[in-house]
Amino acid sequence: MLVHSAFHIIGRKGYEMLIDRGINKAHTFASVIDSNPDFELVSPPELNILTYRYVPAAVQESLEKASDPQCQIINSLLDKLTKRIQKSQRAAGNTFVSRTRLAPPRYNGESITLFRAVLANPLTSSAILVEILREQKAIAADDEKAQQLMVQLMELIDT
């Protein structure tokens, strides 16, 4: 009954508008991620979902040059960092993205932990999308456990 009522109130055009806006927001968020050198867009949006992760620019450079065993170690630390950032962000309650594991081709099928953003809320603005990344970057810099992981990453890429 609820679905039937919602469809009649919002209608086909209303749902079409909501879906199109979600897709457009996903493309906007992908552009925001791509323009930030400390984030890596892993799967560009096909609909209103995309995946990405926080990877400082220096770490991205090291990943490009690293051997497969080195990539595995770096990605393992990035997995832990992504989990820590996501848990802290969820606990703070200001912004939210979930996380998932995928095996992107660029990492030879190695499963990595990623942020997963579903852009379905019609009230999500571009400013909120920018704030999500700002907050994630701040957590990486300020959270004690995240700082320890960042130190390990930097030590690893400096060797």
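Numbers here simply count residues along the sequence, with the first being 1.
- With sequence neighbours excluded, the residues that form a side chain to side chain donor-acceptor pair (under 3.5 Å) with Arg53 are Glu40, Asn75, Tyr107.
- Residue pairs meeting the ring-ring contact (aromatic ring centres under 6.0 Å, His included) criterion with at least one partner in residues 54-88, sequence neighbours excluded, are Phe39-Tyr54.
- Here Thr95 pairs with Gln89, Glu131, Ile132, Glu135 under the side-chain contact (heavy atoms from CB on, under 4.5 Å) rule; sequence neighbours left out.
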Side-chain donor/acceptor pairs under 3.5 Å, residues 118-127, sequence neighbours excluded:
unit_1: Asn121; atom_1: OD1; unit_2: Leu123; atom_2: N; d: 2.7
unit_1: Thr124; atom_1: OG1; unit_2: Asn121; atom_2: O; d: 3.3
unit_1: Ser125; atom_1: OG; unit_2: Ala127; atom_2: N; d: 3.4
unit_1: Ser125; atom_1: OG; unit_2: Ile128; atom_2: N; d: 3.2

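- Between the CD atom of Gln136 and the CD1 atom of Ile33 there is a distance of 8.0 Å, given to the nearest 0.5 Å.
- Taking Lys87 as the reference, nothing meets the side chain to side chain donor-acceptor pair (under 3.5 Å) condition, with sequence neighbours excluded.
- Separating the CD atom in Gln148 from the CZ atom in Arg84 is a distance of 9.5 Å, to the nearest 0.5 Å.
- Side chain of Asp38 to main chain of Ala57: a donor-acceptor pair is present (N/O by atom type, distance under 3.5 Å, no hydrogens or angles).
- For Arg21, there are no side chain to side chain donor-acceptor pair (under 3.5 Å) partners two or more places apart in sequence or in a different chain.
- Of the inter-residue distances, the one linking Lys83 atom NZ with Lys80 atom NZ reads 8.5 Å to the nearest 0.5 angstrom.
- Note that CG of Leu50 is 6.5 Å distant from OG of Ser43, once rounded to the nearest 0.5 Å.
- For the pair Ser35 (side chain) and Val32 (backbone), a donor-acceptor distance under 3.5 Å is present.
- Leu129 and Leu41 end up in the same hydrophobic cluster when Ile, Leu, Val, Met, Phe, Trp and Tyr side chains are linked at under 4.5 Å.
- Among residues two or more places apart in sequence or in another chain, the side-chain contact (heavy atoms from CB on, under 4.5 Å) test is passed with Gln72 by Glu110.
- Other residues, nucleotides and ligands contribute at most 12 non-hydrogen atoms within 6.0 Å of the CZ atom of Arg116.
- In this structure a side-chain-to-backbone donor-acceptor pair under 3.5 Å is present from Gln147 to Ala141.
- Panel note: side chain Thr51, backbone Val42; no donor-acceptor pair is recorded below 3.5 Å.
- The hydrophobic clustering, which links ILVMFWY residues whose side-chain heavy atoms are closer than 4.5 Å, places Leu114 and Ile73 together.
- Judged as a side chain to side chain donor-acceptor pair (under 3.5 Å), and not counting sequence neighbours, Asn36 has no contacts.
- The structure places CZ of Arg90 at 13.5 Å from CD1 of Ile85, a figure rounded to the nearest 0.5 Å.
- Sorted by first and then second residue, the ring-ring contact (aromatic ring centres under 6.0 Å, His included) pairs with a member in residues 128-159 form an empty list; sequence neighbours excluded.
- Gln70 places a side-chain N or O within donor-acceptor distance of the main-chain N or O of Ser67, the cut-off being under 3.5 Å.
- No donor-acceptor contact under 3.5 angstrom links the side chains of Arg101 and Ser111, judged on distance only.
- The line from CZ of Arg106 to SG of Cys71 is 11.5 Å long, rounded to the nearest 0.5 Å.
- Listed by first and then second residue, the ring-ring contact (aromatic ring centres under 6.0 Å, His included) pairs that reach into residues 114-146 are Tyr52-Phe115, sequence neighbours excluded.
- Applying the ring-ring contact (aromatic ring centres under 6.0 Å, His included) test to residues at least two apart or on different chains, none of the pairs has a partner in residues 74-95.
- A chain of hydrophobic side-chain contacts below 4.5 Å, direct or via other Ile, Leu, Val, Met, Phe, Trp or Tyr residues, connects Leu78 to Leu102.
- Two residues are said to be in side-chain contact when any heavy atoms from C-beta on lie closer than 4.5 Å; Ile157 and Met154 meet this criterion.
- Other members of the cluster containing Leu47 are Ile19, Ile23, with ILVMFWY side chains joined at under 4.5 Å, either directly or via other members.
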